[in-house]
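In this chain, numbering begins with 1 at the start of the sequence shown.
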Amino acid sequence: MVRGAGAIEVADLGADARFAAEMDAGAGAGAGARVCLLAVPIPSPAGGAPLGALQAAAAGRAGFDAGAGTLLAAAAAALAPALAARLAA
């Protein structure tokens, strides 16, 4: 659930109490693989609460570099108008 305007980065999902491994069993990371997650809100073009979140996950790394959050946020902003139109339909 997206609650604010900032990015969320989890360096090791398996060590995060919010992560349910059984839900992502088919994600292809393999048992015991370290998986990191980066999620950013998809802003509402009209302002207000975010429409949702755009996330990236990667196995076998210790996190994302600083530019990844900027890139993912730009993608979320570009996606926002189309998503808002689809949700309004």
Side-chain angles (χ1 to χ4, degrees):
M1 179 174 175
V2 178
R3 295 189 178 156
I8 298 171
E9 183 171 0
V10 179
D12 185 358
L13 283 178
D16 193 294
R18 300 169 291 184
F19 176 63
E22 62 278 2
M23 292 185 69
D24 286 340
R34 182 178 186 147
V35 177
C36 58
L37 172 86
L38 177 62
V40 296
I42 301 172
S44 170
L51 299 174
L54 183 60
Q55 69 179 28
R61 47 187 306 165
F64 293 89
D65 64 28
T70 301
L71 181 62
L72 200 60
L79 173 68
L83 182 59
R86 179 67 177 119
L87 291 172

Considering all heavy atoms, the nearest [X]-[Y] contact:
X: Pro43; Y: Ala80; value: O-CB, 3.1 Å
X: Ala57; Y: Val35; value: CB-CG1, 4.3 Å
X: Ala75; Y: Leu54; value: CB-CD2, 3.9 Å

I need the [X] [atom1] to [Y] [atom2] distance, nearest 0.5 Å.
X: Ile8; Y: Leu38; atom1: CD1; atom2: CG; result: 9.5 Å
X: Phe64; Y: Leu71; atom1: CZ; atom2: CG; result: 11.0 Å
X: Leu13; Y: Cys36; atom1: CG; atom2: SG; result: 7.5 Å

Contact between Pro45 and Leu51 at the side-chain level, heavy atoms closer than 4.5 Å - yes or no?
yes
With distance as the sole test, does Gln55 use its side chain to make a donor-acceptor pair with the main-chain N or O of Leu37 at under 3.5 Å?
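Looks like no, no N/O pair under 3.5 Å.
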